Engineer: 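Below is the structure I would like to discuss, written out as C-alpha cells.
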Protein chains: 2
Amino acid sequence: MINKNATVKDIAKKLGIHQSTVSRALRNLPGISPKTRKLVLDTAKKMNYIPNLFARNLKNNVSKTIGIIIPEIRHDFFSNAISGIEHIAYNRGYVPLLLQSNESVERESLNIDAMISNRVAGIIVSITQNTTNGDHFQKLIDLNIPLVFFDRIIDGIQSNKVISDDKSGAKAAVDYLIKKGYKKIAFLSGPEELNICKNRLEGYLAALKNNNIAYDKNLVTYGSLHEDNGYDTISKFLDEENLPDAIFTVNDPVAIGAFKKLKEVGLKIPDQIGVIGFSNNLVTTLIEPTLTTVEQYPGEMGKRAAQILLEQIESKEEYFLRTEVIHSKLIVRNST
Amino acid sequence: MINKNATVKDIAKKLGIHQSTVSRALRNLPGISPKTRKLVLDTAKKMNYIPNLFARNLKNNVSKTIGIIIPEIRHDFFSNAISGIEHIAYNRGYVPLLLQSNESVERESLNIDAMISNRVAGIIVSITQNTTNGDHFQKLIDLNIPLVFFDRIIDGIQSNKVISDDKSGAKAAVDYLIKKGYKKIAFLSGPEELNICKNRLEGYLAALKNNNIAYDKNLVTYGSLHEDNGYDTISKFLDEENLPDAIFTVNDPVAIGAFKKLKEVGLKIPDQIGVIGFSNNLVTTLIEPTLTTVEQYPGEMGKRAAQILLEQIESKEEYFLRTEVIHSKLIVRNST
DNA sequence: TATCCCTTTGCAATCGAATGCAAAATAATA
DNA sequence: TATTATTTTGCATTCGATTGCAAAGGGATA
C-alpha cells in the first residue's frame, strides 16, 4: 500500500508545462532553458518527487540492479566478498539484490528466476557445493544477462570468472607443512566435483610430488564444506588408527571441525598434529591455537567480479569474456 | 542489455487471441475456458514467458519486494535474523532486498532512498549503533510504507517493533554471576543511547539491586559494539588497577575482545575473572573456554518481524502497530 | 426457430516515464 | 521589418501488463 507519489505529470500540471519538458529537465538533458530547469528542479524537490523506477525501467528495458547469489552470507568469505561487490556497485549507481542459495541447488535456481523476473542488469554467483548441472545459468546466457562466477564456479557455462589461484595456495600450504617436518599429510576436501576442491587437490599433489612424498589415496577424503566434515573425518582416521601427522583442509570451517575432535581426544596442535585451513576466516584468530590458513582476499575478488560485470553490462560493442585470478597468500599462525 | 523476452502480446498474437485473455489465463483468473487456459499456459511455457515485473508493478502500484536494512551481515545475529525473514518472505511470494548500512547513518539513509525508489512494499530495519535521528525513517511513515524495527530500534517513530526482553536477559546473566560468587561485576556496554544498551543496563542494575550489591558507576563503561571495545576496556581496567572479578558485555564480540586482552595478560577465565556475553554467536562455542551468553533467537525475531510486516502490507483495513517481545535465555558454558 | 441467459473473449484505457519529431518561441541576420 | 537560424517546448507514441465494460459465442428453454 504505497502512498500516491508526485509524478512527472503532477509537476508539469502544477507548472503549466508539458511532462516531456519536466522529464528532460529532471535528468539534465540538453534543450531546456536554465530558467525552466531550475523551476522544475525546485518544484520537484518541494513536491518530494521520487522517480518511479518501474516506469523508467519498463521504458528503458534496463535496470540498475545487480543480482548476487551466494551459498550463505554468514560465512566470512562471502560477507567480505559482498562488501567488495557493494562498494563498486554503490559507486556506479547500482543496487545489489542479494539472495542466498543456502547450499540448495533448487533455491539457487529459484533465485535465478526471481532475478530474471526482477530484470537485474547482471548477476554475480558463487555456486552451491552441490551444483553440478548448469541449466539455470544457461538460461541467463540465453537471455543475454551478463554473468560472473566467483570462487566456486561451474564448467561449461560461457561466462566471466573470478577465482583464487587455489592450486598455488594449496601448494604453498602443503609445502610449508612439509618444510616444518610433517610427513603424513592428509587433505580433507569438500565435494569432489567442486572446482575449488579439484584445484586445491592439485596443489596438494604438486607439493607432495615436489618433495618426493608418495601419494597415499587414503589420506585424501571428501565431504561437505562444513565443520562436521572435519570432525567426522578425524573420527574416521582415529577409528582406522590411521591418523596423519598433519592435515590440510579445503576451508577453515572444516579445520575447525577437525580441531574440535582433536581436542576432544586430547591431541596437541601443532605438536602431535599440524593443521592448515583455507580462506582466513575471522575465527582462525580466535581459536587456540590460532589457525594457519590461506588468505583469499575475498573483498578484492568481490570488487573485481563487480567491475567485470559492470563492464559487460555497459559495453556497447561485442564483449569478450574474461577469467581473472586473484593471488592468495599463506598466513602462518600457531597451528603448524 | 536484456534480450527480447516473450510478452503477453506475443503469446496472444501467436494464438490469435487477445492479450487480455492471455493475461487472465496466465494468472488463473475466472472467466477463461479450460481449453483456452491450457493452450495459453502451454504456449507460455514453450515461449519461455517471464512476466515483466516492472510493467506489472507499475500497473498495480505495488511490489512483492521487502527491504531489509541491517548494520552488517557478517554478524551471526543478523545473518540468522535474515534467514528468518527470508523464510517467511519466500513462502509468501516476496523477494527480500537486503542492504547493509555498515554502521553508517549516511549509508542507512541512502539505503532507505534506494528502497523507496525501488518501491519496496515494506521495510525491516535494525539501526546502526550511531543512529539517533530518525528523519529518514519518518520519510517512510509519511509515504505510508510499512516499517518494522527489530532488535536495535529508535524511539519516536510510529512503527512496529520486534525486540528481545533485553532487561530480563541481562538480569538473568548478572544474577547468575552473582550466584556463582562473583562480587565485583562490570558491565561493558555499547553506545549509551542505543535501546539495547539501555535495556541491558537496566537488567544489570536490577540484578545488583536484587542481590543488595551497591552500584559502582566506574564498573559500567560505554563503547562500540565491536571487539576493540572489550579489548580496550579491559586494558583500561588494568591500567587503573580496577579489574572486576566478572564482566557482563553488551554482546559477544565485546566479550571476545575482552577475552583477548585477558589472555594476553595471563588471567584465567573463569577462575580469576568470569565473562558473560550476549547473543549466542557461533564463535562462543569455538573459543576457550566456551562463552556463557544469552540466546536471543534471532531467527525467530526475523520471522516475527517479517510476519508482522506482511500483515501490515496486506492489511486492507486500519492497521494497528505492534511491539513484540521475544524471550531470551541464558546459555551457561565454561566462562563463568 | 426464436428468445434468454450464462460463459467466454475482445476492446480500450491506464500506470509513469522516455523520446523522435514537429511546432512554437526566441534570437540573429539581412 | 522581414527572413532565417536556433533554442525551447509540446505532441503523441511506446514500454508490458492489467481490468471494467461491452460484445460475441454457446447452450438451454419455450
Side-chain angles (χ1 to χ4, degrees), chain A residues 1-41 43-44 47-65 93 116-121 143, chain B residues 1-41 43-44 47-65 93 116-121 143:
Chain A
M1 185 188 46
I2 293 177
N3 222 13
K4 192 74 181 148
N5 275 106
T7 71
V8 164
K9 205 185 282 181
D10 295 336
I11 298 176
K13 206 172 292 171
K14 178 158 218 168
L15 296 178
I17 60 180
H18 197 264
Q19 48 169 319
S20 60
T21 306
V22 174
S23 174
R24 282 185 261 251
L26 285 171
R27 284 172 299 145
N28 282 313
L29 260 64
I32 301 293
S33 67
K35 195 179 52 186
T36 310
R37 166 162 298 141
K38 180 161 168 28
L39 195 63
V40 168
L41 292 175
T43 312
M47 296 176 75
N48 266 315
Y49 171 75
I50 299 169
N52 187 319
L53 292 188
F54 294 153
R56 176 177 292 174
N57 294 343
L58 171 61
K59 190 65 181 67
N60 296 344
N61 198 30
V62 294
S63 80
K64 288 283 207 171
T65 307
I116 295 175
S117 291
N118 279 282
R119 295 292 196 276
V120 295
L143 287 170
Chain B
M1 184 189 47
I2 293 175
N3 222 12
K4 193 74 182 144
N5 274 107
T7 70
V8 165
K9 205 185 283 182
D10 294 336
I11 299 176
K13 206 171 294 172
K14 177 156 217 167
L15 295 179
I17 60 180
H18 198 265
Q19 49 170 317
S20 60
T21 304
V22 173
S23 174
R24 282 184 261 252
L26 285 171
R27 284 170 301 147
N28 280 313
L29 260 57
I32 301 292
S33 69
K35 192 179 51 182
T36 309
R37 166 161 298 139
K38 178 160 169 26
L39 195 61
V40 169
L41 291 176
T43 311
M47 296 177 74
N48 266 314
Y49 170 75
I50 299 170
N52 186 320
L53 292 188
F54 293 152
R56 176 179 290 173
N57 294 342
L58 173 62
K59 189 68 180 68
N60 295 344
N61 197 31
V62 295
S63 79
K64 288 284 207 172
T65 306
I116 295 175
S117 289
N118 277 284
R119 296 290 196 278
V120 295
L143 287 170

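Residue numbering restarts at 1 for every chain, and letters A, B, ... go by the order of the sequence lines. For clarity, every value in this text was computed on a predicted model and none was experimentally measured.
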Engineer: Please report the shortest heavy-atom distance between B:Asp10 and B:Ala6, naming the atom on each side.
Structural biologist: OD2-CA, 3.5 Å
Engineer: Measure from NZ on B:Lys9 to P on C:dA12 and round the result to the nearest Å.
Structural biologist: 13 Å
Engineer: Report the distance from atom NZ of B:Lys35 to atom P of C:dT7, rounded to the nearest whole Å.
Structural biologist: 16 Å
Engineer: For B:Val8 and B:Tyr49: C-alpha separation, side-chain torsions, deciding distance, then whether side-chain contact (heavy atoms from CB on, under 4.5 Å) applies.
Structural biologist: CA-CA 8 Å; B:Val8 165; B:Tyr49 170 75; 3.4 Å; yes
Engineer: How long is the line joining CZ of A:Phe54 and P of C:dG16, in whole Å?
Structural biologist: 12 Å
Engineer: Write down the distance between CD (B:Gln19) and P (D:dC15), rounded to a whole number of angstrom.
Structural biologist: 11 Å
Engineer: Which side-chain N or O atoms in residues 13-22 of chain A pair as donor and acceptor under 3.5 Å with protein atoms at least two apart or in another chain?
Structural biologist:
unit_1  : atom_1 : unit_2  : atom_2 : d
A:His18 : ND1    : A:Ser20 : N      : 3.1
A:His18 : ND1    : A:Ser20 : OG     : 3.0

Engineer: Which value, rounded to the nearest 0.5 Å, describes the distance between A:Leu53 atom CG and B:Asn57 atom CG?
Structural biologist: 11.0 Å
Engineer: Could you tell me whether the side chain of B:Ser63 and the main chain of B:Arg119 form a donor-acceptor pair under 3.5 Å?
Structural biologist: yes
Engineer: Rounding to a whole Å, what distance do you find between B:Asn52:CG and D:dA17:C1'?
Structural biologist: 8 Å
Engineer: For a quick check, tell me whether the side chain of A:Arg119 and the base of D:dG16 share a donor-acceptor pair closer than 3.5 Å.
Structural biologist: no
Engineer: Name the one of B:Leu39, B:Leu41, B:Val40 that satisfies side-chain contact (heavy atoms from CB on, under 4.5 Å) with B:Arg37?
Structural biologist: B:Leu41
Engineer: Let me check the geometry of the helix from C:dT1-D:dA30 to C:dA30-D:dT1. What is the bend angle between the axes at its two ends, five pairs each, to 10°?
Structural biologist: 60°
Engineer: For A:Ala55 and B:Gly16, find the nucleotide of DNA chain C closest to each by heavy atoms; which residue's nucleotide sits nearer the 5' end?
Structural biologist: B:Gly16
Engineer: In this structure, how many angstroms lie between the C1' atom of D:dT9 and the CG atom of A:Leu39, rounded?
Structural biologist: 14 Å
Engineer: To the nearest Å, how far apart are A:Lys59 NZ and C:dA17 P?
Structural biologist: 13 Å
Engineer: Under 4.0 Å from any atom of DNA chain D, heavy atoms only: list the residues of residues 26-34 of chain A that qualify, in numerical order.
Structural biologist: A:Gly31, A:Ile32, A:Ser33
Engineer: Any chance you could measure B:Leu26, atom CG, to B:Arg24, atom CZ, to the nearest 0.5 Å?
Structural biologist: 12.0 Å
Engineer: Under 4.0 angstrom, heavy atoms only, what part of the nucleic acid is A:Asn60 near: base, sugar-phosphate, or nothing?
Structural biologist: sugar-phosphate
Engineer: Could you tell me the separation between the NZ atom of B:Lys64 and the OG atom of A:Ser117, rounded to the nearest 0.5 Å?
Structural biologist: 13.0 Å
Engineer: Going through the checks in order, is the side-chain contact (heavy atoms from CB on, under 4.5 Å) test met by B:Asn48 and A:Leu143?
Structural biologist: CA-CA 10 Å; B:Asn48 266 314; A:Leu143 287 170; over 6 Å; no
Engineer: With respect to the phosphate group of C:dT8, does any side-chain polar atom (N or O) of B:Thr21 fall under 4.0 Å of OP1 or OP2?
Structural biologist: no
Engineer: Under the 3.5 angstrom rule, does the side chain of A:Asn52 hit a backbone N or O of A:Phe54 as a donor-acceptor pair?
Structural biologist: yes
Engineer: Just N and O in the side chain of A:His18: are any of them under 4.0 Å from OP1 or OP2 of D:dT9?
Structural biologist: no
Engineer: Can you find a donor-acceptor N/O pair under 3.5 angstrom joining the side chain of B:Arg24 to the base of D:dG20?
Structural biologist: yes
Engineer: With no angle test and no hydrogens, is the base of C:dC15 tied to the side chain of A:Thr7 by a donor-acceptor pair under 3.5 Å?
Structural biologist: no
Engineer: Check the phosphate of C:dA17 against A:Ser23, side-chain N and O only, distance under 4.0 Å to OP1 or OP2. Yes or no?
Structural biologist: no
Engineer: Below the 4.0 Å mark, does C:dA17 have OP1 or OP2 next to a side-chain nitrogen or oxygen of A:Ser20?
Structural biologist: no
Engineer: Return the value, rounded to whole Å, for the distance between atom CG of A:Leu15 and atom C1' of D:dT8.
Structural biologist: 15 Å
